[in-house]
Amino acid sequence: RKGNVIITGASSGLGLATAKALAETGQWNVIMACRNFLKAERAAKSAGIPKENYKVMHLDLASLDSVRQFVDNFRRSGMPLDVLVCNAAVYLPTAKEPSFTADGFELSVGTNHLGHFLLARLLLDDVKQSDYSSKRLIIVGSITGNTNTLAGNVPPKANLGDLRGLVGGLNGLNSSSMIDGGEFDGAKAYKDSKVCNMLTMQEFHRRYHEETGVTFASLYPGCIAETGLFREHIPLFRLLFPPFQKYITKGYVSEEEAGKRLAQVVSDPNLAKSGVYWSWNKLSSTFENQLSQEASDAEKALKLWEISEKLVGLP
Ligand code: NDP
């Protein structure tokens, strides 16, 4: 049978390119989990994704109710789930003030980490039950959260500190809207959320890989400088960022190439190892990359897991 894969945020950028790459093989049925149904349908059509190989389902990661509803709807469809890809993200580098999810969490960490944390925890049961040959749970990471890289050292740097803001609920009222308890900074909040994504993947691996056989993985697909992620940035940045990445850092990768990379992490039998943060070298070959000290801190991963459980209402 065809594999079934859920991709969050498949209405643009990396998620859309991955949906296309997988659907075109004819081996995958792609469930595009998107907050804007019409936009996703239009994006799928104009990308030319074969109709019989995808389905759009509504999911707003900035609402825990919506996440639970999505899981119910998916289960009602009766489809087995073979791979889950947590890809969606928001990035608000120019925001002066924090915005918040339906549940009152700062929007970047609320969407990119907490929404995905609840989704992945709930759907792990479904992935476990699948009889597919290689079941996977993938969380898209980023280099920007990795302070052991050049890009990860551009200020403001990711830093979760002692997680005091997260313990307080990231609500900007009786707690800070930042995980480390500091002043709001949109660019840092995004990087922090990506560190959370990478810590979560490793905690999943430690807790569940042996017992379930599920492969847990993260990746840095390269700098996809033209995606919607930079839509909130100032126009001059948006103009200069793609050539800067192409010619100066040489980290640039097209949406199409990045989509192929993530599709590889979904389906390539050679990438079935669990607990890995995949990257690609200049020749576009995969290698197991090192994470920064903070992004591989097992004690922090455990603490993050337990606080996140409380915030999203898991027992
Ligand atoms: P895009 O902005 O193009 O795509 C982000 C997707 O997330 C969109 O489909 C968007 O939906 C969706 N999304 C945002 N908020 C929500 C929400 N509340 N509920 C559901 N979906 C939501 O960015 P990219 O494709 O660049 O980013 C995809 C992933 O790649 C992210 O995890 C990002 O961190 C990562 N990444 C990107 C890099 C880059 O250089 N661009 C580099 C490294 C990692 P909508 O279409 O409705 O806005």
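Counting starts at 1 for both ligands and their atoms, following the listed order.
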Give me the nearest non-hydrogen protein atom to [atom] as residue plus atom name, then the distance to 0.1 Å.
atom                    : result
atom 9 (O) of ligand 1  : Ser11 OG, 2.8 Å
atom 44 (C) of ligand 1 : Gly141 O, 3.3 Å
atom 31 (C) of ligand 1 : Asn87 O, 3.0 Å
atom 25 (O) of ligand 1 : Leu14 N, 2.8 Å
atom 20 (C) of ligand 1 : Leu59 O, 3.3 Å
atom 21 (N) of ligand 1 : Ala88 CB, 3.7 Å
atom 1 (P) of ligand 1  : Ser12 OG, 3.4 Å

For [atom], tell me which residue out of [options] has the closest non-hydrogen atom.
atom                    : options                        : result
atom 40 (O) of ligand 1 : Asn36, Ile224, Asn112, Thr111  : Ile224
atom 5 (C) of ligand 1  : Gly13, Ala89, Gly228           : Ala89
atom 33 (C) of ligand 1 : Tyr252, Tyr220, Tyr190         : Tyr190
atom 35 (C) of ligand 1 : Leu262, Asn197, Ile139, Val140 : Val140

Check each atom of ligand 1 against the heavy atoms of [X] and keep those under 4.0 Å away; list them by number with element.
X      : answer
Lys194 : 31 (C), 32 (O), 33 (C), 34 (O)
Cys223 : 40 (O)
Ala62  : 18 (N)
Lys39  : 45 (P), 46 (O), 48 (O)
Val90  : 14 (C), 15 (N)

[Y] and [X], any side-chain heavy atoms less than 4.5 Å apart:
X      : Y      : result
Tyr208 : Val214 : no
Leu229 : Tyr91  : yes
His116 : Thr8   : yes
Val266 : Trp28  : yes
Asn270 : Thr286 : no
Ser308 : His113 : yes

For Pro80, does its backbone N or O pair with a side-chain atom of Asn4 as donor and acceptor, under 3.5 Å?
->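 Yes; at least one donor-acceptor contact below 3.5 Å.
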
What part of Tyr91 sits under 4.0 Å from ligand 1 if we count only heavy atoms: the side chain, the backbone, both or neither?
->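 Answer for Tyr91: neither.
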
At under 4.0 Å between heavy atoms, which part of Leu229 makes contact with ligand 1: side chain, backbone, both or neither?
->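 Leu229 to ligand 1: contacts from backbone and side chain alike.
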
Return a table of donor-acceptor pairs under 3.5 angstrom between the side chains of residues 30-41 and protein atoms on other chains or two or more places apart.
unit_1: Asn36; atom_1: OD1; unit_2: Leu38; atom_2: N; d: 3.4
unit_1: Asn36; atom_1: OD1; unit_2: Lys39; atom_2: N; d: 3.0
unit_1: Glu41; atom_1: OE1; unit_2: Tyr54; atom_2: OH; d: 3.0

Scan for salt bridge (Lys or Arg N to Asp or Glu O under 4.0 Å) pairs involving residues 207-216, sequence neighbours excluded, and state none if there are none.
->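 For residues 207-216, and leaving out neighbouring residues, the salt bridge (Lys or Arg N to Asp or Glu O under 4.0 Å) pairs sorted by first residue read Lys128-Glu211, Glu203-Arg207.
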
